[in-house]
Structure formats: C-alpha cells, structure tokens
Amino acid sequence: MRLEEAFGVVGDSVAAEEPVDNRAPDAAAAGVEARGTCLEGARQPRKRALRKLLLRERAEQAPDERASIDTRIAHRVVAAPAFVQSETVLIYLSFASEVETRSIIRATWELGKAVALPRVCAARSLRWYRVDSLDGLRVSSFGIKEPPPCEEQEVVPGSAPGHIAIVPGLAFDCQGFRLGYGGGFYDVFLAGFPGVSIGLCRERQLCASLDDLGVIDPYDRRVDFVVTEQRMVSSASPTSTVG
C-alpha cells in the first residue's frame, strides 16, 4: 500500500480514534516509546493513526523482502557522495522492522570512518558516542541497545568537518520531511545539525508530500537526502534523483 493510499484509510478512522497508550508491550510500540514520548499538537490524532498503520504494515512485510530491500538501501548509502566524503557517521542502530543499519555500520568501520550511536536523554535530546564494536552496548529500559555514556567517546555533532547523520523515520517525502515516532528527538537534533543528513526509507513509505497529507507541523525538520532501494532524492531538488 502506497503512503497516500494508507492515508485514505487513516483519514476515515481519525474521528473515531481512541487515545494511544505508547506503553504497549509489543516490540514496535516499545520502539516508538523509546524514540520519544508523543508531543501534543493539533495534528497529533492524524499522526498517531498513520503511525499505527505504518508500524503494522512494516512489521507485516516478509522478513526476506525487507532484508533484500535494506541491502539495496545500504549499497546506495555507502555510494552516496556525502557518505564517501564523510569522516564520522552519526547513525541509529535499527530496531524491530526499521530499515537495517548494521551493514552500513560495518561498512563505515571497514572504510576507516568513525561510527557514533545516539543515546536518548532528557529534554528530547540525543547525545552521541563513538563505538568501535556493537558488543559493548547496553540495553535500555525499552529494549533498545545504546552506547554507554563515556565522556571520552562522546561526539559533538558538527563540531568537526565531515559529520553526516543517518536518520530513521516511519515515512519520508520528496521534500525531505519525515514522519517520526512522535518524540521530537530528531527534529531537535536536525534543527542544530550543520552536516549532511540522510533519511532511510523503503520506497513504499516514500510519498510526494507529507504536508499535503496534513501531518507536518512547524517544528518538523527536513533531511538533506532520502535514500530508498530505488533512488536517492535531494530535498533541495525533489523532482530529480541523485544516483
């Protein structure tokens, strides 16, 4: 189901939507909570309904199909000029049915670049720590692996040239906007990040305009590029494909 088609289903159900409890015990819902507690706003009922539908659709996709798609996404990321020119890659560690990032992380190490993973902190902030292995990560209360808060390994985003960020999302559009998990962590991060940001998205979760679907708020921030298994789209030129 294309995102625009999914929205048609959501639009019919928003009026009757019950409040969502983000503490639901299943893995996908735990991932939403770990990415951040939902921000209240005028468009939140519509956003919550669409998130719920997209999480279900993503989880129902066959694992081997997801794996094949994610391998192609990883190849495009590693070949992207911004990645090739980077020295430090700020990247999320994929959880549940998110676009898989472990192969990108391994490729980053193999190319001699630094990898930094985020740690969720108070006030909707992320702190980033360099990791040389995934073995030393700690499982948070939400079941997501995070780096330990080691001061010597902390990376300040944009404090040196060559930082790029790989950003998760439930959906993206060709202008670089994203439908996140509701916490605002990455919107806060992107607002102050001077480097190049790349959103990872399977083609079926990419649409022409999230704003036209009524799920973009003033605090939402764009990424510079969106990479799917089929293309790399620049938010500065959304009608063209980069590589």
Single-linkage hydrophobic cluster Val196~Val188, side-chain heavy atoms < 4.5 angstrom: no
Asp224 backbone acceptor or donor facing Ser197 side chain under 3.5 Å: yes
What one should report as the nearest heavy-atom pair of Pro194 and Gly158 is CG-CA, 3.7 Å
Closest contact, heavy atoms only, Trp128 versus Ala116: CE3-O, 3.5 Å
Considering only NZ, NE, NH1 and NH2 on the basic side and carboxylate oxygens on the acidic side, decide whether Arg130 and Glu152 come within less than 4.0 Å. no
Output for pair (Leu54 CG, Arg204 CZ), nearest 0.5 Å, gives 10.0 Å
Taking Arg119 for the side chain and Pro147 for the main chain, is one N or O donor matched with an acceptor at less than 3.5 Å? yes
Rounded distance (nearest 0.5 Å) linking atom CZ of Phe177 with atom OG of Ser209: 8.5 Å
So does Val84 get a backbone contact from the side chain of Lys113, meaning a donor-acceptor N/O pair under 3.5 Å? yes
Looking at Gln230, is its backbone amide N or carbonyl O close enough to the side chain of Arg76 to form a donor-acceptor pair, meaning the two atoms are under 3.5 Å apart? yes
Measure the shortest side-chain to side-chain distance between Leu111 and Phe83 over non-hydrogen atoms and say whether it is less than 4.5 angstrom. yes
Short side-chain to backbone donor-acceptor contact, Ser235 and Val223, under 3.5 Å: yes
With a 4.5 Å heavy-atom cut-off, do Arg102 and Ser94 have their side chains touching? yes
What heavy-atom pair brings Gly180 and Arg51 nearest, and what distance separates the two atoms? O-NE, 2.7 Å
Within the structure provided, determine whether Arg202 and Asp70 are in side-chain contact (heavy-atom separation under 4.5 Å). yes
Is a side-chain donor or acceptor of Glu100 paired with a backbone partner of Thr71 at a separation under 3.5 angstrom? no
Stepwise side chain to side chain contact (heavy atoms under 4.5 Å, CB included) test for Ile91 and Thr108: CA-CA 10 Å; Ile91 187 169; Thr108 304; 5.8 Å; no
To the nearest 0.5 Å, tell me how far His75 NE2 sits from Ile104 CD1. 10.0 Å
Check whether Arg221 reaches the backbone of Tyr186 with its side chain - one donor and one acceptor, N or O, closer than 3.5 Å. no
Parallel, tilted or perpendicular: which one describes the rings of Phe189 and Phe193, with boundaries at 30° and 60°? parallel
Taking the side chain as every heavy atom from C-beta outward, state whether Leu134 and Lys145 have any pair of such atoms under 4.5 Å apart. no
Provide the closest heavy-atom pair for Val226 versus Asp173 in the form atom of the first, atom of the second, distance. CG2-O, 3.8 Å
Starting from the C-alpha separation in whole Å, work towards a yes-or-no answer on side chain to side chain contact (heavy atoms under 4.5 Å, CB included) for Ser103 and Arg106. CA-CA 5 Å; Ser103 61; Arg106 288 192 294 269; 3.7 Å; yes
Tyr129 versus Pro148: any side-chain heavy-atom pair under 4.5 Å? no
If we only count heavy atoms from C-beta on, is the Val155 to His163 side-chain gap below 4.5 Å? yes
With rounding to the nearest 0.5 Å, note down the distance linking CD1 in Ile216 to CG in Leu179. 7.5 Å
Spacing of Phe172 atom CZ and Leu210 atom CG [to the nearest 0.5 Å]: 9.5 Å
Path from Val78 to Leu90 over hydrophobic side-chain contacts below 4.5 Å: yes
Whether the side chain of Glu154 engages the backbone of Arg127 through a donor-acceptor N/O pair (distance < 3.5 Å, no angle test) should be reported. no
Spatial distance of atom CD1 (Ile73) from atom CD (Glu203) [nearest 0.5 Å]: 9.0 Å
Would you say the side chain of Glu98 lies within less than 4.5 Å of the side chain of Tyr92, judging by non-hydrogen atoms? yes
For Tyr219, does its backbone N or O pair with a side-chain atom of Asp217 as donor and acceptor, under 3.5 Å? no
Beyond-backbone contact of Val120 with Leu126, side-chain heavy atoms, under 4.5 angstrom: yes
Kindly determine whether Ile198 and Val167 satisfy side chain to side chain contact (heavy atoms under 4.5 Å, CB included), including the steps that lead there. CA-CA 6 Å; Ile198 300 175; Val167 179; over 6 Å; no
If I compare all heavy atoms of Ser86 with all of Ile164, which pair ends up nearest, and what's the gap? CB-CG2, 3.8 Å
Counting N and O atoms only, with roles assigned by atom type, does the side chain of Asp187 sit under 3.5 Å from a partner on the main chain of Asp220, one being a donor and the other an acceptor? no
